[in-house]
Amino acid sequence: NADGGIGMQVFWNKSPIAGIAIIKPRNINHNDRNTGEGIFSIEYSEEGTEDYEAYMIIEVANLPLSDVDPFAADNLKMFVGKNGDQIDVYGNSNHPNAKFNYNEEETSGFNWAFVASGFDSEDIAVAEVGLPASGAELSTRIEILEDNSMQKVLSREFTNYIVTEYPQLEGHEDLVAAYLAPYLSNTEAPGFFGEGGFVQAGTAPNEKYAELITSIESLTPFNPKSISELSIEFK
């Protein structure tokens, strides 16, 4: 194979601790067909950056797509940064066959683009999610998370579905979207999480979340198109 049949490569530095591991499970065990030609890369460093004392970058490419699950992901890239008690996360997963199924011509594929920040000791976090198209060439936070926010995309797609099913509503899309709004209230950004999981959306439960809200406003996912085209190779 082009990869030379390599199953794993690990490069490691002891001081400061830093390294990268690249793994292709199929080249380790040919009987395991769950990951197909999938390949994984995990980079970790305690050398630090201007903003973080330690960070990790996880990449996954070429996972096999399921015939029964149209929402399956093939590629993923995620950054995790730690600074004291705070952990920031941003990234994207690519779902090339996902669609909303309201017409045959509908374009398939979207990215699950996300940013999040949390306090480890408090067990609280804030997250924001966008749903841009897989092939969208977008680079700014506004384009990825605001123009394609979960609430905007779901409102648009459900409105299109309803108008497609009931053509007499054509021209009244604003009324349909207003009708849907209460059902999509928990998709308002950002989402707030506590020890038991999701708490509420849009408005912070208390002042403990204020710093985390500020943190996610400085985070931006990767360009969706770059994730749909993600490739990992052995060094």
Side-chain angles (χ1 to χ4, degrees), residues 1-83 86-98 108-118 120 125 127 129-139 141 144 219-235:
N1 293 337
D3 58 32
I6 299 171
M8 179 186 299
Q9 284 184 333
V10 178
F11 305 90
W12 201 253
N13 185 56
K14 291 184 177 180
S15 182
I17 293 175
I20 181 169
I22 305 171
I23 305 167
K24 187 170 183 180
R26 187 175 184 276
N27 285 353
I28 297 173
N29 177 9
H30 279 268
N31 292 321
D32 181 2
R33 303 187 183 278
N34 292 325
T35 55
E37 295 297 319
I39 186 167
F40 304 75
S41 172
I42 302 173
E43 178 182 345
Y44 175 77
S45 175
E46 292 182 2
E47 186 175 2
T49 68
E50 185 178 339
D51 298 313
Y52 301 102
E53 61 189 34
Y55 71 87
M56 181 166 58
I57 300 173
I58 300 107
E59 294 179 293
V60 181
N62 298 328
L63 285 178
L65 294 170
S66 168
D67 293 332
V68 296
D69 181 8
F71 295 100
D74 61 349
N75 297 343
L76 174 145
K77 184 173 182 178
M78 179 171 68
F79 173 91
V80 183
K82 186 178 188 298
N83 199 25
Q86 184 171 332
I87 298 172
D88 291 341
V89 179
Y90 62 84
N92 317 54
S93 58
N94 186 56
H95 308 258
N97 294 334
S108 295
F110 64 76
N111 245 227
W112 183 269
F114 54 88
V115 297
S117 187
D120 189 26
V129 175
L131 293 172
S134 286
E137 185 79 68
L138 307 173
S139 58
R141 191 182 195 283
I144 300 171
L219 303 176
T220 303
F222 301 105
N223 184 323
K225 191 172 189 292
S226 72
I227 303 305
S228 69
E229 299 173 349
L230 183 66
S231 176
I232 304 171
E233 296 179 354
F234 288 108
K235 305 294 185 182

Output side-chain donor-acceptor pairs under 3.5 Å for residues 60-67, partner residues at least two apart or in another chain, one line each.
unit_1, atom_1, unit_2, atom_2, d
Ser66, OG, Val68, N, 3.1
Ser66, OG, Asp69, N, 3.0

| task | Start with the C-alpha gap between Tyr52 and Val80, add the side-chain angles, then the distance that decides, and say whether side chain to side chain contact (heavy atoms under 4.5 Å, CB included) holds. | result | CA-CA 9 Å; Tyr52 301 102; Val80 183; over 6 Å; no
| said: Please evaluate residues Asp88 and Asn83 with respect to the criterion side chain to side chain contact (heavy atoms under 4.5 Å, CB included), reporting the C-alpha separation (whole Å), side-chain torsions for both, the decisive distance (0.1 Å), and the verdict. | reply: CA-CA 8 Å; Asp88 291 341; Asn83 199 25; over 6 Å; no
| field | side chain to side chain contact (heavy atoms under 4.5 Å, CB included) evaluation trace for Leu131 with Trp112 | value | CA-CA 5 Å; Leu131 293 172; Trp112 183 269; 3.4 Å; yes
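Between the side chains of Asn94 and Ser228, no donor N or O sits under 3.5 Å from an acceptor N or O. For the residue pair Ser139 / Asn223, no side-chain donor-acceptor distance below 3.5 Å is found, with atom types taken as modelled.
At least one side-chain heavy atom of Pro221 sits less than 4.5 Å from a side-chain heavy atom of Val115. Residues Ile6 and Ile22 are not in side-chain contact: their nearest non-hydrogen atoms beyond the backbone lie 4.5 Å or more apart. Considering only heavy atoms from C-beta on, Lys82 stays 4.5 Å or farther from Asp120 through its side chain.
More than 12 heavy atoms of other residues, nucleotides or ligands sit less than 6.0 Å from atom CD of Glu37. More than 12 heavy atoms of other residues, nucleotides or ligands shown are found within 6.0 angstrom of CD on Glu53.
At distances below 3.5 Å, at least one donor-acceptor pair connects side-chain atoms of Gln9 with backbone N or O atoms of Lys235. No donor-acceptor pair closer than 3.5 Å links the side chain of Asn111 to the backbone N or O of Pro132.
Rounded to the nearest 0.5 angstrom, Asn75 CG and Glu59 CD are separated by 9.5 Å. Considering NZ of Lys77 and CD1 of Ile58, their distance stands at 11.0 Å, rounded to 0.5 Å. Here CZ of Phe234 is found 10.0 Å from OG of Ser41. Values are rounded to the nearest 0.5 Å. The CG atom of Leu76 lies 8.0 Å from the NE2 atom of His95; values are rounded to the nearest 0.5 Å. To the nearest 0.5 Å, atoms OH (Tyr44) and CD1 (Ile57) are separated by 13.0 Å. Between Asn97 atom CG and Phe110 atom CZ the span is 11.0 Å, to the nearest 0.5 Å.
Checked against ring pair (Phe, Tyr, Trp, His ring centres under 6.0 Å), Phe40 has no partners two or more places apart in sequence or in another chain.
Relative ring orientation between Tyr90 and Phe79 is described as parallel, the plane-to-plane angle staying below 30° on a 0-90° scale split at 30° and 60°.
Between Lys24 and Gly38, the shortest heavy-atom contact is CG-O, 3.5 Å. Residues Lys225 and Gly135 approach most closely at CD-O, 3.7 Å, considering heavy atoms.
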